[in-house]
Amino acid sequence: MAERIVMVGASGFGREALDVLEAMQAVGADLEFAGVIDDRPSELNLERLQDRGVAYLGTITDWLAGPHEEAYLLGIGSPTVRRILVDKFDAQGCRPFTAIHPNASIGSRAAIAEGVVVCAGAVISTNVRLERHVHVNPNATIGHDSILREFVSVNPAAVISGEVIIEPGVLIGAQALVLQQLTVGHDTTVGAASLVTKDVPPDVIVKGVPGRWA
Ligand SMILES: CC(C)(COP(=O)(O)OP(=O)(O)OC[C@H]1O[C@@H](n2cnc3c(N)ncnc32)[C@H](O)[C@@H]1OP(=O)(O)O)[C@@H](O)C(=O)NCCC(=O)NCCS
C-alpha cells in the first residue's frame, strides 16, 4: 500500500521538500501526498499551496490530536524548530518519512536515518552518516566518512569535507566550506560562504574567511 505523507511547514523549505516527494513519485516511489500542516501559515504561503493544488490540512496541534495515520516529513529549515517539533511528534508515536531526491548521489555505505531530507544535486559520499532529521539542501556535498548528527541543516551548495563531525543542531550556511577532519560543536551556525579552518565550539556564530567567532 502507498505510504501517505503529510508535510510539516508551508514555507519555503516545506514546498521544496514537497518537490523532493514529487520527484520520488515521478520515478515510481509508492507514496501519496496528503497535504500540509502548519500552525501559522502566511496568507501568501496558503495561496502558493492553493496555486499548486496542495491541500492545507490545518494546524500541527489539530493533526496531532487526530488519528495521524500518515507519516510526517519536517519541511522546516531551522534545526531548533525541528528539534522542538520532533519531541511533540515522538510523544504521539508518529512515524517520520525519509525523502531522498532521485537526482541526489548517495555513496556506498552511507547510513541515512529517519526523517532525513536530501535535495536535488546533493552529493553524499562514501561512508557518511546522516542522523535523524538532517537536511541536506540542493547541491551541497558531504565528504567521505563524515558524520552529521541529528537536526543538522546543510544549506545549498555548502561543502563538508571528509571525516568531519557536525554535532547536533548545527546550521551550515549556503556555500560555506568546512575543511577535513574538523568538528563543529552543537547548535553552532556557520554563516553563508564562511570557511571553517579549525574546530568550532558549541553555540557560536562563525563568519568570514577564515571563519571567526566571538
Ligand atoms: C551569519 C548569520 C547567521 C548572521 O549572523 P549575525 O551575527 O546575526 O549577523 P548580523 O546579520 O547581525 O551581521 C553582523 C555582521 O556580520 C556580517 N555577516 C553576516 N553574515 C555574514 C557571513 N555569512 N559572512 C561574513 N560576514 C557576515 C554582517 O555583514 C555584519 O557585519 P558589520 O557588523 O561589519 O556590518 C547569517 O548572515 C548567515 O550567513 N546565515 C546563513 C544564511 C543562509 O545559509 N541562507 C541560505 C538559506 S537557503
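Just follow the structure's listing: the first ligand is 1, and inside any ligand the first atom is 1. Just so you know, these numbers use all the heavy atoms, side chains as well, and skip hydrogens, waters and symmetry mates.
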**Request:** Return a yes/no value: protein heavy atom under 4.0 Å from atom 7 (O) of ligand 1?
**Result:** yes

**Prompt:** Which protein non-hydrogen atom lies closest to atom 45 (N) of ligand 1, naming both residue and atom, and how far is it?
**Reply:** N155 ND2, 4.0 Å

**Message:** Within the protein, is there a heavy atom lying under 4.0 Å from atom 27 (C) of ligand 1?
**Reply:** yes

**Request:** For the residue pair L85 and R82, establish whether any side-chain heavy-atom pair is separated by less than 4.5 Å.
**Result:** no

**Fill in**
Counting from 1 in the order shown, the ligand 1 atoms closer than 4.0 Å to a non-hydrogen atom of T189 are 3 (C)

**Prompt:** With a 4.0 Å cut-off, strictly under, does atom 39 (O) of ligand 1 pick up any protein heavy atom?
**Reply:** yes

**Message:** Please check: side-chain N/O of D39 versus main-chain N/O of I60, any donor-acceptor pairing under 3.5 Å?
**Reply:** yes

**Prompt:** Just to confirm, does any protein heavy atom lie below 4.0 Å from atom 30 (C) of ligand 1?
**Reply:** no

**Prompt:** Is atom 33 (O) of ligand 1 less than 4.0 angstrom from some protein heavy atom?
**Reply:** no

**Message:** Classify the ring geometry of H133 against Y72: parallel below 30°, tilted from 30° to 60°, perpendicular beyond 60°.
**Reply:** parallel

**Asked** Hey, any chance V116 and I172 share a hydrophobic cluster, counting ILVMFWY side chains that come within less than 4.5 Å of each other, even indirectly?
**Response** yes

**Prompt:** Is the shortest distance from a heavy atom of G208 to ligand 1 less than 4.0 Å?
**Reply:** yes

**Message:** Can you tell me how far apart CG (D30) and CE (M24) are? Round to the nearest 0.5 Å.
**Reply:** 11.0 Å

**Prompt:** Is R15 salt-bridged to D51, cutoff N-O under 4.0 Å?
**Reply:** no

**Message:** Please state which option from A174, A193, G211 has its nearest heavy atom closest to atom 44 (O) of ligand 1.
**Reply:** A174

**Message:** Among all protein heavy atoms in this structure, tell me which lies nearest to atom 36 (C) of ligand 1, with the distance rounded to 0.1 Å.
**Reply:** G191 CA, 4.9 Å

**Asked** Between A176 and ligand 1, which residue portion shows a heavy-atom distance shorter than 4.0 Å: side chain, backbone, both, or neither?
**Response** neither

**Request:** Find all atoms of ligand 1 within a distance of less than 4.0 Å from any non-hydrogen atom belonging to I205, and give their numbers and elements.
**Result:** 1 (C), 5 (O), 7 (O)

**Asked** Identify the closest protein heavy atom to atom 9 (O) of ligand 1: which residue and atom is it, and at what distance?
**Response** K207 NZ, 3.5 Å

**Asked** Counting only heavy atoms on the protein side, is anything nearer than 4.0 Å to atom 11 (O) of ligand 1?
**Response** no

**Prompt:** Can you find a heavy atom in the side chain of L44 that is under 4.5 Å from one in the side chain of R48?
**Reply:** yes

**Message:** List ligand 1 atoms under 4.0 Å from A192, heavy atoms only on the residue side.
**Reply:** 22 (C), 23 (N), 24 (N), 38 (C), 39 (O), 41 (C)

**Asked** Between E163 and Q181, is any side-chain donor less than 3.5 angstrom from a side-chain acceptor?
**Response** yes

**Prompt:** Hey, mind stepping through V200 and L182 against side chain to side chain contact (heavy atoms under 4.5 Å, CB included) and telling me if it holds?
**Reply:** CA-CA 8 Å; V200 181; L182 297 177; over 6 Å; no

**Asked** What residue and atom, counting heavy atoms only, is the protein's closest point to atom 48 (S) of ligand 1, and at what distance?
**Response** P156 CD, 3.6 Å

**Message:** With salt bridge (charged side-chain N to carboxylate O under 4.0 Å, His left out) as the rule and sequence neighbours excluded, what pairs involving residues 111-128 come up?
**Reply:** none

